[in-house]
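Treat the numbers as computed from the prediction; the structure is a model and nothing was measured. Residue numbers start at 1 and run along the sequence shown.
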Amino acid sequence: VSWVDVKAAPVSRLYLSDQEGELQARLRFGYSFHLTDETEERVIEVPYESDLPDRSIRRFSDNETESPWLLLRIHRQPELEKAACDLLASSAYGLKRAPLPAQAGLFRLRARTHAVDFLLNHIPRLAKDGFEIYGEEQLKTARVNRNRPSISFNVSSGIDWFDVQTIVNFGELEVSHKELRRVMRKKERYIKLADGSIGEIPEEWFEKYKYLFALGEAQDEQLRLSRHHITLIDQVLGSADRFSTDAAFEQQRSKLRALLADGFAGIISRPLPQGFTGELRPYQKAGVDWLHFLHDFNFGGCLADDMGLGKTVQTLVFLQSLYESPTRPAQASLLVVPRSLLVNWQREAERFTPNLRVLEYFESSRSKDTQGFEQADLIITTYGVMLRDIQFLHGYTFYYAILDESQAIKNPASQTGRAARLLKASHRLVLTGTPIENSTIELWSQFAYLNPGLLGNLEYFKEEFGGPIERKNDENTA
């Protein structure tokens with residue numbers, strides 16, 4: 001019988017396994033030794049024992065051992081072993097000691113620790129803190145993909161929308177778009193991959209891309225966003241690993257970036273139309289230029305000057321510019337006003353834009369024939385007539401659909417609000433001195449008319465914007 005004394009410091013080893021669908025970890029210790037000074041290092045393992053023995057005897061044999069009776073006298077270090085066990089049982093690693101009658105050194109996951117979270121986040125910390133990990137490859141309860149995912153986007157342009165294809169890879173594995181959209185919308189941290197393993201979505205993605213996945217409409221393997229979301233898409237591309245875009249998107253993005261480069265100083269000053277008879281104050285001229293800017297980028301807008309500051313004349317001058325240009329619109333524009341403001345609009349149009357062809361569509365004898373619209377530049381009607389004639393008006397695509405005193409549609413569930421959203425137009429404007437009176441929902445209702453989809457559906461808006469702003473006074477959300 002030959003004896004070898006083993007006096008090295010113990011190395012903590014953690015063996016992972018599945019037991020009845022539950023992930024478990026067993027603590028053991030490896031003590032290294034040399035049979036002789038010339039032989040390579042070997043390791044003998046011992047389990048953790050609750051009575052913390054200071055010595056263990058083990059028989060050792062391998063192909064290079066001549067004696068079949070080589071015994072190892074392992075001088076254990078109970079203080080270090082206990083410290084390792086206590087550290088493992090702390091909340092730092094998501095483990096707890098298995099209850100009796102389980103053997104000492106057996107650990108289970110804590111109640112709030114998910115197996116995937118343990119493997120992806122706690123195992124690297126254990127390894128960093130000196131624990132050797134074994135058995136992960138054989139686990140069936142959960143298999144994880146430790147690759148940090150990459151994200152790339154392909155953007156293509158439609159008539160008035162952008163299609164965004166999102167490609168996420170965990171190493172060589174590509175994530176299905178449907179599954180990615182589901183976990184992003186539900187804010188789930190883990191995603192199942194094609195080989196059955198689990199990947200972790202980076203936490204910062206939920207903030208970076210939440211509006212993309214919330215506002216985009218699912219279209220097979222891509223998202224469709226309205227033209228109004230160009231700034232959102234531009235922001236998303238800035239944080240992507242890779243992206244590609246088509247020429248139409250790049251043209252729009254370049255125009256917008258040039259405009260924003262100097263704090264909107266790039267809004268072009270336009271000459272006043274020849275058909276305008278009057279003078280504009282500087283702020284009114286700036287308002288007309290802003291309306292042209294919205295027009296150039298196909299944005300709907302809210303002209304929200306206070307009462308008496310000239311929203312009417314600014315709108316008329318803008319329309320006169322469009323209808324006297326060489327590329328004058330083929331369609332008429334629609335203006336919806338409260339009945340009490342009909343005379344004011346008629347008088348202002350005659351005074352400032354006498355060449356603008358105005359059709360009054362509010363008399364009881366009005367003709368429901370769109371052929372008459374072709375002979376007009378601007379059709380003026382009331383909210384009441386719009387509501388009663390919406391089926392007829394819905395059959396014509398106006399160039400502009402403009403709502404004056406647009407707080408009339410502040411309730412999105414009202415018949416007037418619903419009717420207004422049924423109007424078809426290439427461009428939209430609203431005029432009001434009070435875009436918000438009582439609730440942010442009033443603003444949503446007007447933007448649902450102006451730029452459909454820009455702020456998402458009503459339930460999404462309430463959850464992401466209305467609630468935080470009104471109940472929590474969240475200035476960042478505002």
- Item | From R227 atom CZ to N298 atom CG, the distance as rounded to the nearest 0.5 Å | 4.0 Å

- Could you tell me whether R182 and E179 make a salt bridge, using a distance below 4.0 angstrom between a side-chain N and a carboxylate O? yes

- Item | Heavy-atom neighbours of D160 CG exceed 12 at 6.0 Å | yes

- Do L319 and L335 pass the side-chain contact (heavy atoms from CB on, under 4.5 Å) test, and can you show the C-alpha distance, the side-chain angles, and the key distance before you say yes or no? CA-CA 11 Å; L319 290 173; L335 171 66; over 6 Å; no

- Rounded to the nearest 0.5 Å, the CG atom of D289 sits from the OG atom of S269 at a distance of 4.5 Å

- Give me the one residue out of D241, T245, V236 that meets side chain to side chain contact (heavy atoms under 4.5 Å, CB included) with F153. V236

- Message: How about CD on Q138, more than 12 heavy atoms from neighbouring residues, nucleotides or ligands closer than 6.0 Å, or not?
- Response: yes

- Begin from the C-alpha positions of S426 and Q331 and carry the test side-chain contact (heavy atoms from CB on, under 4.5 Å) through to its verdict. CA-CA 9 Å; S426 302; Q331 314 112 290; 3.6 Å; yes

- Message: Quick one, L139 and L119 - any side-chain contact, counting heavy atoms below 4.5 Å?
- Response: yes

- Query: If every non-hydrogen atom of E470 is compared with every non-hydrogen atom of S439, which pair is closest and at what distance?
  - Reply: OE2-OG, 3.2 Å

- Knowing that exactly one of V168, L193, N147 qualifies, which makes a side chain to side chain contact (heavy atoms under 4.5 Å, CB included) with L173? L193

- Are side-chain heavy atoms of Y190 and L120 found at a separation under 4.5 Å? yes

- Under 6.0 Å between ring centres, would you say that holds for F465 and Y211? yes

- Query: What's the spacing between T370 OG1 and F398 CZ if we round to 0.5 Å?
  - Reply: 9.0 Å

- Task: Please identify each residue that fulfils side chain to side chain donor-acceptor pair (under 3.5 Å) with K368, with sequence neighbours left out.
- Result: D389

- Query: Has R328 got more than 12 heavy atoms of other residues, nucleotides or ligands less than 6.0 Å from its CZ?
  - Reply: yes

- Test log, rule side-chain contact (heavy atoms from CB on, under 4.5 Å), inputs F170 and I191: CA-CA 10 Å; F170 285 80; I191 186 167; 3.9 Å; yes

- Task: Calculate, to the nearest 0.5 Å, the distance between atoms OG and NZ belonging to S176 and K192 respectively.
- Result: 12.0 Å

- Message: Could you report the tightest heavy-atom contact between H394 and K424, atom names first, then the distance?
- Response: O-CE, 2.7 Å

- Under 3.5 Å donor-acceptor, S90 side chain and L87 backbone: yes

- Item | Set of side chain to side chain donor-acceptor pair (under 3.5 Å) partners for E405, sequence neighbours left out | Q407

- Message: Looking at every non-hydrogen atom in both residues, tell me the closest pair between T416 and M386 and how far apart they are.
- Response: O-CE, 3.7 Å

- Task: Run the numbers on K255 and D296 for salt bridge (charged side-chain N to carboxylate O under 4.0 Å, His left out), then give the verdict.
- Result: CA-CA 10 Å; K255 284 175 59 180; D296 290 343; 6.0 Å; no

- Note on the structure: Note: L387 and Q415 closest approach over all heavy atoms is CD1-O, 3.5 Å

- Pair F107 + Y93: ring centers closer than 6.0 Å: no

- Message: If you compare all heavy atoms of I167 against all heavy atoms of E174, which two are closest, and at what distance to 0.1 Å?
- Response: CG2-CD, 3.9 Å

- Message: Main chain of I409, side chain of S445: is a donor-acceptor contact present, judged purely on distance under 3.5 Å?
- Response: yes

- Message: Has Y396 got a side-chain atom pairing as donor or acceptor with A332's backbone, closer than 3.5 angstrom?
- Response: yes

- Item | Test: R357 cationic atom under 6.0 Å from Y323 six-membered ring centre, within 45° of axis | no

- Query: Within the distance-only criterion (no hydrogens, no angle test), does the side chain of R428 pair as donor or acceptor with the backbone N or O of L423 below 3.5 angstrom?
  - Reply: yes

- Query: How about R270 and V288: do any of their side-chain heavy atoms sit closer than 4.5 Å?
  - Reply: no

- Determine whether F162 and S157 make a side-chain contact, defined as any pair of heavy atoms from C-beta on separated by less than 4.5 Å. yes

- Query: Do we see a donor-acceptor contact under 3.5 Å between the side chains of S406 and Q446?
  - Reply: yes

- Item | side chain to side chain donor-acceptor pair (under 3.5 Å) partners for E136, two or more places apart | R146

- Taking the six-membered ring for Trp, are F297 and F299 parallel (under 30°), tilted (30 to 60°) or perpendicular (over 60°)? parallel

- Query: Do E324 and Q274 get their side chains close enough for a donor-acceptor pair, meaning under 3.5 Å?
  - Reply: no

- Hey, can you tell me if H295 and H427 have their rings parallel, tilted or perpendicular (30° and 60° cut-offs)? tilted

- Item | Atom CD of E132: over 12 foreign heavy atoms under 6.0 Å | yes

- Hey, mind stepping through L341 and T312 against side-chain contact (heavy atoms from CB on, under 4.5 Å) and telling me if it holds? CA-CA 10 Å; L341 296 180; T312 301; over 6 Å; no

- Just checking, any donor-acceptor pair under 3.5 angstrom between side chains of K96 and T113? no

- Message: Tell me the closest heavy-atom pair linking A214 and Y460, and the distance in Å.
- Response: CB-CE1, 3.2 Å

- Heavy-atom side-chain contact between W345 and V358 under 4.5 Å: no

- State, with a plain yes or no, whether a side-chain heavy atom of Q165 is found less than 4.5 Å away from one of S156. no

- Task: Validate the cation-pi geometry between R366 and Y361: distance from NZ or CZ to the six-membered ring centre under 6.0 Å, angle to the ring axis within 45°.
- Result: yes

- Item | Gap between atom OG1 of T353 and atom CG of L378 - 0.5 Å precision | 8.0 Å

- Item | Aromatic plane relationship, Y400 with F318 - under 30° parallel, 30 to 60° tilted, over 60° perpendicular | perpendicular

- Query: For the atom pair CD (Q320) and CG (D377), what is the distance rounded to the nearest 0.5 Å?
  - Reply: 7.5 Å

- Item | Passing candidate, salt bridge (charged side-chain N to carboxylate O under 4.0 Å, His left out) with R148, options E204, E200, E203 | E204

- With a 4.5 Å heavy-atom cut-off, do M184 and K210 have their side chains touching? no

- Residue pair L403 / T432, side-chain heavy-atom distance below 4.5 Å: no

